[in-house]
Amino acid sequence: MKIRKYLLALSAGITGTACICGFTLYTHPALVKNQKKEFFSYYDFNPATFRKAPRAFGPLTRWWWPGNDVTDSELKREINMFAENGFAGVEVQPLFEGLNEKGNTDRLQKQLSWDTPSFYEHIRVVMQAARKAGMIVDMNAGSGWPIGGPQVTPDSSIMTLTYADTLVTGARQISIQIPRLKQAGFTINSKSPLQFYQTVSVDYAKLQGLVVAKVVKQENGQTFLDPNTVKNLTSKVTNNQLSWQVPEGNWKVISFWSMPDGELPKAIASRPMGFVADFFNAEKLRVRYNHLFGPANGLETYYGNPLRAIFNDSYEFMTDRHYADSFLSFFKQQRGYDMVPFFAPNIRKFYNNAYILPYTADLPFPFVYGDDDWRLRYDYDLTVSELLKTQFIQFSNQWLHQKGLLHRTQAYGARMDVIGNSGEADIPETEQLAGNNSEGFLKLIASGAHLNNKPIITQESFVFRGLAEMTTLQKIKLLADKSFAAGVNQIIYHGSPYKYQTGEFGKEGWNTFSSPFKPGNNFSSNFNESSPFWKDIKTINKYITRSQYLLQAGRPHADVLIYFPFIDFYPEQVSANPKEILVSGRFKGVEPEGSPGFPSAKESGKIDQTKQWFTDLWPLINKLEAAGITWDFVNDDALQKATLQQGEIVINNNKYSSLVLSNLPYMQMLTAENVNRLSKGKARLLIFGNAPTKQPSYLNFKENDAKTAQFIQVALSQPNTKQIKNEESLDGWIAQLPAVLRFSKPADFTRATERLMNDGSRIKFIWNESDHWQTISLMAGAGYEKPYWINAENGTITKNNGNSISYLLPPYGSIFLYTTQSSIPENMLSSEPPSFQHATDLLKLDTWDIKIGDTVLYHSGLFDWKNNRALQYRSGAGIYTSTFKLPLKTGKKYVLDLGAVCFTAEIMINGKPAGKRLWAPYQLDITSFLKTGNNKIEVRITPTSRNEFIGEAMKGNSKYAQYKGQEKTLMPAGLVGPVTIKLLNSR
């Protein structure tokens, strides 16, 4: 069955209709490479489909298995549980993480039996259950990450470039053995606290080149070499011997070797672990894919139904310097010169080690040629990026398409073109853990997808370092909204542990990334029945589902493109926007400070230029957002392909009104040439800050720098080009930008994204990232006379009232604006409920009886449990009861305002359920539940489990060792208030 038809059938089963209303059955402009499958279908927004919110548009969850220690009955039960709670699918990830390495022998044998016949029998059970339940299944490419396993031997594993050197003096003839690697000299495991390596014999080393250069000086651990004396003597090496007439002076003899780096797959559920596969060699990867997903495993009948995609996690390689068998020939083909003479300034310990790179970015390079070494590294990094694209991403796409599958991947971690490589994947994925959850990082991945017309952008969601048991439903909604505004349109929870209780864990069972057997992890990842908020997960999933239906409709639209120049990019180089919230996942004002994020990366003692670039860019971004102007990043490859049509910049049929070059340190010459061409065609161009005067590549760089500077100077002289050097002067340029939907007055509290329908209709998602009520007012261009407000929280569609397009957003609230020339039928519309913002206080409820487990407090005021010695380590529901009298007036409405709630509230009034509030604002209309005379109110508050777990650790409970020493990171808990009964004013 075609995957497109399968997805339609899923929704038909859910909605009871023949297909999803609103699906226009013509091919989306993505994934046309595979002619046998139509993986996604384009559709325009349809109000009937939105109201039904088909589960096929819901979130997925990463489903962790304790290796292969699972049972068929529990697997089937959990698939049905996920379906019942609004999940569209699961990603199966078997791993050995947070488990007891010294546990029961029989249990260990099961845990470590991934990639065995019994494992694939369990997978087949899941596939059958998922197909029956109408669930999507994605599978991790193996176990753990990066892809690897016992079948990957050193000679088929990922490689590093390393070196050995010696000093010789002239003038004399020498005949010496070339410098050879020492066994402990190339691996990291001998010194690193992270034991992620297995020592590989130097017998695997292969000579890649031998270079000599005259020493100028040595200082601060660096050897400065005269670049004019560099000689490639590889051809003079025979049987590892070098014969050479040494000129006068001191000379370095440096041999360069390719070598398996010895990296082990992380958390892999098998012993032996094997090695990480070679991501830079498609033929070696073919062997790996054939093993994992070939016919022997009996899964092919499920390809396309329900198995959608194979997932490859972020490229968290721990290599010193990426290398490939084909590197030298590929480099010469792409860059036009031989890299061997320039290996020396490219070598540095940890340069490509994604795990500890941010801590080591300021390490010196052992060998220095001169001020232009950065160009050599740029060319090397660009070549690595292109190898990853062709040998891994494109190859994986091709191989999986032949099976009727998609390739989903997180194309970052290594230094590379993160926009272009993300856009190559069938399903590009970002994450909130990388880049400290900066909107800049999320936008880079989404921009790659948009530029390449990839319709689905997934995200590894709701996970952060050091914040275990801090994730509330309010926080999930905020994090989802932040991601939606950045372009993400399919949430994947990280994640849901298989229900696993061996007696070695606390009452919640195995929590994969917060375990007493690996206490240093302590990640905020636990979305299963042990979570205190699981009972309401279906509600938040309904919100996510409705939002994702809207955000997958049509195609993305951005008004402005911002050129991103960097190839040596890794996520921690993104500086946070000073206006954004939830940086590193921290909810300021609510959560305690957890573990710190990565420190600022440095190079050569200076602030990293990429981080500085983002810092300088944010004022421009914030002004665009405040004006309601949407934007994306653009990379060199895409911008070099851009054309001009009727004044708009066009890339892959996507149209943009303007291009921004912001404080660029350099620009590829071919990019500058096309920018020049576009500007002559009257493209709208802004140069914010200084114009670029050079290009980054090494070959003929002086000549090419001059050409690049000239291209930009000519562009500057064009009538539609403007250079602005200070933030204050941006307003006039932004005011003149042609935008169909923009704010009529600045709204600096918002983030937004837009979708464009085939008939020209638009959907604009608007998020209030402030904790205050805020009014937004918009202007719509001609042809958009019929605006509607779509509320994904309650599923309502409301016609905009009055001549002004305006809406009152609650604290942290979000809304969708749908502007169209057609009308939505009246029977699908709802009346806008009155706002509670201007309600008048009538009565404050100060006295409560509070019951928390076996503890009862009578006639108490409201307080935060963490400040009460008797309750600070308690969790579980708190039951608050109070009574009040209220003189009721006919025709009036009454509002309950709970004030501060930590973290969900279920309200009973006079014995009847009056409603729930799971996130702000904690207010609801209680008019119909009130009576004249005495009224009784009961509020059930659910806090997180963190404080209880910290308390257990303080008692010495070894099952909560991961919470030891966390006493200063207690979460707020309980009903803090103030609780007020209000009279709703008519306006």
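Quantities reported herein were computed from a predicted structural model and do not represent experimental measurements.
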Item checked: Residues Tyr543, Ser814; criterion side-chain hydrogen bond (donor to acceptor under 3.5 Å, both in side chains); working and verdict -> CA-CA 11 Å; Tyr543 170 77; Ser814 62; 2.5 Å; yes

Item checked: Verdict with supporting geometry, Asp426 and Lys454, salt bridge (Lys or Arg N to Asp or Glu O under 4.0 Å) -> CA-CA 7 Å; Asp426 293 333; Lys454 300 304 169 68; 5.1 Å; no

Check: After noting the C-alpha distance and the side-chain angles of Arg755 and Asp44, does the key distance pass the salt bridge (Lys or Arg N to Asp or Glu O under 4.0 Å) rule?
Finding: CA-CA 10 Å; Arg755 308 287 298 187; Asp44 281 341; over 6 Å; no

Note to self: Determine whether Asp705 and Arg375 satisfy the following criterion, salt bridge (Lys or Arg N to Asp or Glu O under 4.0 Å), listing intermediate values before the conclusion.
What the structure shows: CA-CA 12 Å; Asp705 282 358; Arg375 299 180 190 266; 2.7 Å; yes

Notebook entry, point to check: Does the ring-ring contact (aromatic ring centres under 6.0 Å, His included) test come out yes or no for Tyr412 and Phe441, once each step is laid out?
Noted result: CA-CA 10 Å; Tyr412 47 85; Phe441 175 71; 4.9 Å; yes

Next item on the list: Determine, stepwise, if the pair Asn791 / Thr796 fulfils side-chain hydrogen bond (donor to acceptor under 3.5 Å, both in side chains).
Entry: CA-CA 5 Å; Asn791 190 326; Thr796 59; 4.6 Å; no

Next item on the list: Tell me, with the steps shown, if Asp568 and Tyr380 meet side-chain hydrogen bond (donor to acceptor under 3.5 Å, both in side chains).
Entry: CA-CA 9 Å; Asp568 62 340; Tyr380 195 115; over 6 Å; no

Next item on the list: Could you please spell out the steps behind the salt bridge (Lys or Arg N to Asp or Glu O under 4.0 Å) verdict for Glu386 and Arg335?
Entry: CA-CA 11 Å; Glu386 292 166 346; Arg335 310 280 85 82; 3.0 Å; yes

Notebook entry, point to check: After noting the C-alpha distance and the side-chain angles of Thr819 and Tyr788, does the key distance pass the side-chain hydrogen bond (donor to acceptor under 3.5 Å, both in side chains) rule?
Noted result: CA-CA 6 Å; Thr819 53; Tyr788 297 88; over 6 Å; no

Note to self: Before you tell me yes or no, could you show the steps for Phe749 and Tyr812 under ring-ring contact (aromatic ring centres under 6.0 Å, His included), namely the whole-Å CA-CA distance, both residues' side-chain angles and the distance that decides it to 0.1 Å?
What the structure shows: CA-CA 10 Å; Phe749 48 85; Tyr812 299 128; over 10 Å; no

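Minimum heavy-atom separation, Ser770 to Asn768: OG-OD1, 2.7 Å. Closest non-hydrogen pair, Pro358 versus Tyr570, comes out as CG-CE1, 4.3 Å. The shortest heavy-atom contact between Asn674 and Leu639 is ND2-O, 2.8 Å. In this structure, Leu451 and Val634 approach most closely via the heavy-atom pair CD1-CA, 3.8 Å. A pairwise comparison of heavy atoms in Gln474 and Ala920 identifies OE1-N, 2.7 Å as the closest pair.
Side chains of Ser729 and Asn726: a donor on one and an acceptor on the other come within 3.5 Å. Using a 3.5 Å distance cut-off with no hydrogens or angles, the side chains of Glu673 and Gln668 do not pair a donor with an acceptor. For Gln490 and Gln459, the side-chain atoms include no donor-acceptor pair closer than 3.5 Å. A donor-acceptor pair shorter than 3.5 Å can be found between the side chains of Asn453 and Asn654. Between the side chains of Asn436 and Ser438, no donor N or O sits under 3.5 Å from an acceptor N or O. Counted by atom type alone, Asn452 and His450 present zero donor-acceptor pairs between their side chains at under 3.5 Å. Remark: the Thr721 side chain and the Ser679 side chain contain no N/O donor-acceptor pair separated by less than 3.5 Å. When only modelled atom types and interatomic distance are considered, Asp608 and Gln612 share no side-chain donor-acceptor pair under 3.5 Å. There is no side-chain donor-acceptor pair under 3.5 Å between Arg555 and Asn758. For the residue pair Gln432/Ser483, the side-chain donor-acceptor check at 3.5 Å is satisfied. Judged by distance alone, the side chains of Glu429 and Thr458 do bring a donor and an acceptor atom under 3.5 Å apart. With hydrogens and angles left out, the side-chain atoms of Gln548 and Asn489 include no donor and acceptor closer than 3.5 Å. At a cut-off of 3.5 Å, with distance as the only test, no side-chain donor of Ser777 or Lys745 sits close to an acceptor on the other residue. For the residue pair Asn635 / Asp417, a side-chain donor-acceptor distance below 3.5 Å is found, with atom types taken as modelled. Asp559 and Ser657 share no donor-acceptor pair across their side chains, judged by distance under 3.5 Å alone. Side chains of Asp373 and Tyr698: a donor-acceptor N/O pair is absent below 3.5 angstrom, by distance only.
Put simply, CG on Asn577 and CH2 on Trp618 are 5.0 Å apart, with the number rounded to the nearest 0.5 Å. Between the OG1 atom in Thr630 and the OH atom in Tyr656 there is a gap of 10.0 Å [rounded to 0.5 Å]. A distance of 9.0 Å separates CH2 in Trp773 from CG in Leu809, rounded to the nearest 0.5 Å. Phe711 CZ to Leu670 CG: the interatomic distance, rounded to the nearest 0.5 Å, is 8.5 Å. Put simply, CD1 on Ile649 and OG1 on Thr643 are 9.5 Å apart, with the number rounded to the nearest 0.5 Å. How far CH2 of Trp613 is from CZ of Phe566: 6.5 Å, rounded to the nearest 0.5 Å.
Cation-pi geometry between Lys623 and Trp733 is not met at under 6.0 angstrom from the ring centre and within 45 degrees of the axis.
At most 12 heavy atoms of other shown residues, nucleotides or ligands fall within 6.0 angstrom of atom CD in Gln646.
For an aromatic pair to be called close, the ring centres must be under 6.0 Å apart, and Phe50 with Tyr818 fails this.
Ring pair Phe564/Phe569 is perpendicular by interplanar angle, where above 60° counts as perpendicular and below 30° as parallel.
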